[in-house]
Amino acid sequence: MSWLTDFIPPRIRNLMSKREVPEHLWVKCMSCETMILTSDFEKSLCVCLQCHHHGLWSPKLRYAALFDEGEYVTIDSVRLREDPLQFRDQKRYTDRLKDARFKTEQSEAVLLAYGNIVNHLAVVACFNFNFIGGSMGMGVGEILIQGAYCALHHKKPYIIFSSSGGARMQEGILSLIQMPRTVLALTQLRENAIPFISVLTHPTTGGVAASFASLGDITLAEPKAVIGFTGARVIQETTRQPLPSGFQTSEFQKDRGFIDHIVHRTKMRDTLGKILDLFDPS
Ligand SMILES: [Zn+2]
């Protein structure tokens, strides 16, 4: 510390150390680490201009580009009793929820909506990875099931955009129960011939990849998204075997029959429109 800083009163020092550049002016690509102006990044649908990596995209921005004229209606979720285990690690779980709600302006990690996609009404659920890593707890499970019942009631297709680290550990077994619950809800759609389209975006892992996200009648994915159950590093350390190149990417999974089609973000709306047209050509 220099003699100068010693003599600057704290309030003035705070003013001097304030960032002149707004915090969210730049975004760093998760893949090639190029710094991109946030406005340019959002204009390119949050796809990196250098390496075309499909970055995290909030449900609200995705819906604005997905639905006809950017118009949709959100479906409010049922409020559940939160934090039944009164979980605390470095922070209280309730504080993590509060922070995530403030950061994302969403009540949970999934936003449920319905609207027209190229003139076809569909129910859509979309994960927000910035809400506690898009983790699936009781709230997320409940919203996904609500979406399935809404699709069932109106006899309209159901689309889920997944982006998740898996189960929400702060809810213990109650989060794991959401795997069979969501699968059962989708079974009801299948029994009533209501199509379910699963769209896997970066990253789709853990309990989400291991449950409903793998059960699409049609499964789409964004390019180069990480899709798998356990992280590649953990698998490599456990098996002590080198992993094949491109392991757990959309392209790798498509080559093995897990994914039907890889769709660039700019083509997603048109592709979904064509698929919905097959089911409902009227
Ligand atoms: Zn990049």
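First listed ligand is number 1; within each ligand, the first listed atom is number 1. What you are looking at is a predicted structure, and each value in this text was computed from that prediction instead of being measured.
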*Does a side chain donor of either Arg233 or Gln236 reach within less than 3.5 Å of an acceptor in the other side chain?*
no
Checking salt bridge (charged side-chain N to carboxylate O under 4.0 Å, His left out) for the pair Arg190/Asp217: CA distance, chi angles, key distance, verdict? CA-CA 9 Å; Arg190 183 159 295 184; Asp217 296 308; 3.3 Å; yes
When every non-hydrogen atom of Asp89 is compared with those of Arg96, the smallest separation belongs to OD1-NH2, 2.7 Å
side-chain hydrogen bond (donor to acceptor under 3.5 Å, both in side chains) pairs touching residues 28-54, sequence neighbours excluded, are none
Any protein N, O or S atom under 2.8 Å from the Zn ion (ligand 1)? Found Cys29 SG, Cys32 SG, Cys48 SG, Cys51 SG
*Presence of salt bridge, Asp83 and Arg92, under 4.0 angstrom*: no
From the list Ile160, Leu112, Ile117, Ile197, side chain to side chain contact (heavy atoms under 4.5 Å, CB included) partner of Val124 resolves to Ile117
